[in-house]
Structures are given as C-alpha cells and as structure tokens.
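A short worksheet on the structure shown next.
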Amino acid sequence: MSVRVRFAPSPTGYLHIGGARTALYNYLFAKANNGKFILRVEDTDLERSKREYEESQLEDLNWLGITYDEGPDKPGDVGPYRQSERTEIYKEYAKKLVDQGLAYYDFCSDEELEKMKEQAMKEGRPPHYTGKWRNEEFFEEAANKLAAGEKGAIRFKAPKKSYILQDEVRGRVVFPENMVGDFVLIRSNGLPVYNFCCVIDDMLMKISHVIRGEDHLNNSVRQLMIYDALNAEPPSFAHVSLLIGKDRQKLSKRHGATSTRLYKEESYLPSALVNYLCLLGWSHPDEKEIFRIDDIAHIFDSKRFSKAAAIYDLEKLKWVNGMHIRSLPEDILKEEIEKFIKEDHFYFKQSDSWKKSVIDLFKNQIEFFSDFEKRLNEDLLHSNIVKTEKLEEVLSWDTTKQISDFLKNKIDIIDGEYLSKNQFQEIFKALKSDLGLKGKPLFMGTRVSLTGQDHGPELGDLIPLIPLNFLKKRLSNF
RNA sequence: GCUCCCAUCGUCUAGCCCGGUCUAGGACAUCGCCUUUUCACGGCGGUAACAGGGGUUCAAAUCCCCUUGGGAGUACCA
C-alpha cells in the first residue's frame, strides 16, 4: 500500500510552532517512505476560520521548506482540499449512517443538552447524551420535524464496546466501553464536526498513516467507531508527544513566540528552526544534532519518536541557528546578512573585499543575521559604547596613556582610508618594543585606545577594517 | 470526577522493546582551564539525572504492580 500522510491545520491563526513540527514529521515520513504528503484545510468552524490565516500558514510552511504534493493550491485527484468545500460529501455519508440506523436526528435544544449534562454530573455519571431521540420510537417524529423544515443535528450512536488502538508511538491503547457517549456528526447548521469529517476525508483521501499531536489520542476512539460504522479500514496512527512551555503547560501565547511567523521576522534561518523542531520529540539514530531535514529524510523512522512531552526552550534553537549560519556558503551568507542591514548603512559604501573580510570576521560570532549589524556598529564603528568597570580600569592605567600617545603620533601622519594589515603590524611591533610592554597591558591598552571597547575580535584582523578617520577620532579623545 | 497518555542531568535526549557491556552516553546552558588581552569559535575538563515504594531475577534505568507528579480528552471547537 502506498504511503499517504497529511497535515490538516485549522486556519484560525498563524502557523503554530507545534503545528509546524507535526507538519514536518508528516513531510519527513512521506519522504522516507516514498509517499505523498497532503495538505488539507480544516475550516469547518466558520466563525474562527479566516482565509488570510490559511494563506499565511501555507506561506510559512513553504518558508520552512515543508512542501506538500497535494493541497488547496495544488489539486490532486481527491479534492477539494478545503473542508468547507466538501460539506455535501459529509452530509451524504451522515445520511447513509442514519438510514442504516447507526446515527439519528437529534432535536434537543442547547438548554436541554446542558441540563442533561448537569444532571449526569450530579449523579456521578459520565456526561453522555441521554435524550429521547436515540430511541426508535421517536424516529417518526424526527422525520416529521425534518419534513416540516426544522433543523436537527445528526448524532452518532456510540457502540457499547471497547476499542483497541495500535499506536505507532504509544503501543496498544485500550479505550474502555462507555468512554464516550453519542456525539454529533453534523451540526444543526448543516456543517460537520471535526471527528466526522476527519474520518471521511482520511478515508476518501486514502490516507495511510495519521501522524498528529497526542491531544488527538482520545479522539481516536470516536474516529475508530466511525471507521467501523463505515466499514472502512482505519489508517495507522502515530500520536506524537506535545510541545509544552517552561511551566509544563500547553504551549500558548504567554510562553512567548509560538507562531512560526515570529521566527521569520526575527531572522531565524528556516533550516535551523526545522532542525531544532525535528529534534524535539524525535532523535537521530547517530545522535546527530545539526542537519538539513532533506538530508535525514531517508533515515527518518517513526520508531524514534519519544513519548514524553518536550519543553520548548529557545536556548538550543539559538545555537542551532548559529551553526546553520556558519555552514552557509559564502555568497548566500553575504546575501542573507545584507537583508538585515539598513540600506543607507556605511557597510554598503565599502569595497567588496572589505565586506568579505568583515563577514569572515564576524560570522563565527553571530547567532542571528540581525546580530551582524550590531557587531558592525559596536565593534567596528564604535557606536553605543558602554563604559564598563573593566573599561574604566584599563583607561586608568599609565601604560594605556603611553600607548594612546604613541599610536596618535604614528597614525596621525598616515593618509588613506584604512591601515593595511602590514602597517598595523609594524606599528604594533614598534609599540611593543619602544614601550617595552607585553601581555594584558599591551593588548588591552591598544584595544581600548583604538576601539574604545574592552572586547572584540582579534586586533590584527579588526583594526585594518576600521576606517582610518574613525581611528584618528578615537585617539583624539585621549 | 471519569477515561487515556507520560515520567533519565536545569533543558533536548541516547539507552528501555531483546535485563548484565550503565560507577548511565551525547548536545544546549553553566563553571574552570588552554588558545600571547576580551567576546566568539575551537580544544580539554568539571557540576548535574534513572520521581518514590514494592515486587520478579543471581542481576533492573531496562520487566510487573502501586503511589506521586505532570499532561490530554470528556463540546452542535479543531
């Protein structure tokens, strides 16, 4: 049987980081098994679903490099791929179930339903449907109401038996009898409910494996019931552990950035995000930590999912991002970095070789593309200098005063835009021998005199990249 | 409440299925040292975990049970 998997987001918000991970696992699983990855939009909740969210989610998926074979914008043979466009299909199946006596029309009002639940809770019973409409003797009355144009919901008659789910991740899960009561298939407004359309679609779209969040585990019993009623073979299921926040609660807005979009805006590399997400609940057989997802697709194995929920914590993601930045080819790195530098920045007025040197100088020190401009401004162009205690200390040394005087004399008489590497080396050598300094006083004194900072890249690499007039200006402060 | 799921360093995890090779391995973070000063990179090293209790066994992180803790579901949301 050919492998077909799907990701089925609801367009009720931006793409959630947890959703992105689920999509990723499906994508990887399809790739590993030479299967197809289908994207289906679950927009049956009319009030919350918005087309703009759908568009943004597809866009973000694309940004992450998670591409699908079939979807609303890539029609295949089993469309349409938006549930809102499939309501007739669901109704048809629901009616068939009613005809077979496996479901029934229910005309209870919200108030009646509410009362039923309260009563059950009070008596310590599970809050299941106990309305009269499930009884055959009222079928005729229901038919009359229907004929008279009254709106009723279609409710599924939950069989009184236990169900067993052989889950790829959880193993054998037994759902005892009486776990759920009769549930709604089609709402009185004619729209289907998740558990129903999910099954119909997975069946019609020939989905072979369902990989989804553990929050759906309990839904499975309802879905299994429907497959049974439809006489259809259920797909195999893999319920992946959930992503949670530091407080071990379900990931939500208050845990900070939970939408994929924000990572895009903060200049994270999609390859890094996806690399990190992949490792949150799945492990590489060789414990490799840094990889491109397409490189591991062929070894992706659903047996390596972990069962426990993972805390979503940004620290490691930052590191992964830095690693991905460093592995970028030179020209792409340059291109990406430049996207995050202001158009009128000093950087763009410099020569290509200068740009290259500067990128080489900083690329190992940044975790984000947006860090580059910061480094440039602080380490090279000396804006935003913070007077630290350490800096004050170095400034107070007599040797520092000697160094700055010496440098001022040497550098003031040099013309040009930059100091060459050789020029700097010579000056530095002279400084060393003339003043007889070494170690910390020498290096720190020179650094502070020339950059105004107590830290930064290797002096020999850094100084020749600082415009000469900046150096002169700096020295004139002493 | 009821049902289901989960439980290894602060965090992500390997190991668990097929008990001994585990005085529990890796990574992030953290700390220390080295890399002629700093930051970073790199290298080396340190701190740090099998939730608790019972079994089974010559032997348990690994198998079984209980407790505790956490999570999910219990909708005419998805």
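Labels below follow one simple rule: chain letters A, B, ... track the order of the sequence lines, proteins then strands, and each chain is numbered from 1. Only a predicted model underlies this, so the values are computations on that prediction, with no experimental measurement involved.
Side-chain atoms of A:A310 lie closest to B:rC12 of the nucleotides B:rC5, B:rC12, B:rC28. Comparing B:rG26, B:rA78, B:rG15 against the side chain of A:E289 picks out B:rG26 as the nearest. The A:M179 side chain lies nearest to B:rU3 when the options are B:rU3, B:rC12, B:rA78. Side-chain proximity of A:K316 to B:rA78, B:rC28, B:rU36: nearest is B:rC28. The A:I311 side chain lies nearest to B:rU11 when the options are B:rC39, B:rU11, B:rU38. Checking B:rA78, B:rC39, B:rC5 against every side-chain atom of A:Q365, the shortest atom distance belongs to B:rC39. In the set B:rC28, B:rU3, B:rC5, B:rC5 carries the atom at the smallest distance from any side-chain atom of A:L217. Looking at the side chain of A:L242, the nearest of the listed nucleotides B:rA72, B:rC5, B:rA78 is B:rA72. Proximity note for A:T44 (side chain, C-beta onward) versus B:rA78, B:rC12, B:rC76: the nearest is B:rA78. Side-chain atoms of A:L459 lie closest to B:rU37 of the nucleotides B:rU37, B:rC5, B:rC76.
Searching all strands for a Watson-Crick or G-U wobble partner of B:rC44 with both distances below 3.5 Å returns B:rG32. When both distances must be under 3.5 Å, the Watson-Crick or G-U wobble mate of B:rC39 does not exist. Judged by Watson-Crick or G-U wobble contacts below 3.5 Å, the nucleotide B:rA7 has B:rU68 as its partner. Nucleotide B:rA61 is matched to nothing when pairs are restricted to Watson-Crick or G-U wobble geometry with both distances under 3.5 angstrom. Using the Watson-Crick or G-U wobble rule with both distances under 3.5 Å, B:rC76 pairs with nothing in any strand shown.
Counted by atom type alone, A:Y90 and A:D201 present one or more donor-acceptor pairs between their side chains at under 3.5 Å.
Here the C1' atom of nucleotide B:rA78 and the NZ atom of A:K250 are 9 Å apart, to the nearest Å. Going from atom CH2 of A:W282 over to atom C1' of B:rU13 covers 12 Å, rounded to whole Å. As a whole-Å value, the separation of A:N195 CG from B:rG73 P is 12 Å. With rounding to whole Å, A:R375 atom CZ is found 11 Å from B:rC39 atom P. We find that OH of A:Y90 is positioned 11 Å from P of B:rA78, with the value rounded to whole Å. When rounded to the nearest whole Å, the span between NZ of A:K307 and P of B:rG15 equals 12 Å. If you take CZ of A:F305 and P of B:rC12, they are 17 Å apart, rounded to a whole angstrom. Here the C1' atom of nucleotide B:rU11 and the NZ atom of A:K318 are 13 Å apart, to the nearest Å.
One P atom belongs to B:rC66, the other to B:rU62, and the distance between them is 16 Å to the nearest Å. Remark: the separation of the P atoms in B:rC58 and B:rU13 is 36 Å, to the nearest Å. Taking atom P in both B:rG70 and B:rC18, the straight-line distance is 32 Å, to the nearest Å. Comparing the C1' positions of B:rA27 and B:rU68 gives an interatomic distance of 30 Å, to the nearest angstrom. Separation of the P atoms belonging to B:rC16 and B:rU35 is 42 Å when rounded to the nearest angstrom. B:rA48 and B:rU30 have their C1' atoms separated by 10 Å, with the value rounded to a whole Å. B:rC17 and B:rC6: their P atoms are spaced 16 Å apart (whole Å). B:rU47 sits 28 Å from B:rA7 when the P atoms are compared, rounded to a whole Å.
The backbone N or O of A:H239 lies less than 3.5 Å from a partner atom in the side chain of A:R170, making a donor-acceptor pair. Side chain of A:N219 to backbone of A:N195: no donor-acceptor contact under 3.5 angstrom is found. No donor-acceptor distance shorter than 3.5 angstrom exists from the side chain of A:Y105 to the backbone of A:A153, with no hydrogens or angles considered. Remark: side-chain polar atoms of A:N26 are not paired, donor with acceptor, to backbone N or O of A:A23 under 3.5 angstrom. Judged by distance alone, the side chain of A:D247 and the main-chain N or O of A:Q249 form a donor-acceptor pair under 3.5 Å.
For A:R48 and A:F175, each mapped to the nucleotide of RNA chain B holding its nearest heavy atom, the one lying further toward the 5' end belongs to A:F175. Along RNA chain B, the nucleotide closest to A:V174 and the one closest to A:H128 are compared, and the more 5′ of them pairs with A:V174.
Checked for salt-bridge contact, A:D379 and A:K374 miss the test: no charged N lies under 4.0 Å from a carboxylate O.
In this model, the phosphate group of B:rC76 is not approached by any side-chain N or O of A:S188 to a distance below 4.0 Å at OP1 or OP2.
Scanning atom types as modelled, one donor and one acceptor separated by under 3.5 angstrom connect the side chain of A:E287 and the base of B:rG25.
Annotation: cation-pi pair A:R222/A:F156 absent, no NZ/CZ under 6.0 Å from the ring centroid and within 45° of its normal.
The residue A:R170 sits close only to the backbone: its heavy atoms come under 4.0 Å of sugar-phosphate atoms, none of a base. Contacts of A:T12 with the nucleic acid, taken as non-hydrogen atoms under 4.0 Å apart, are absent.
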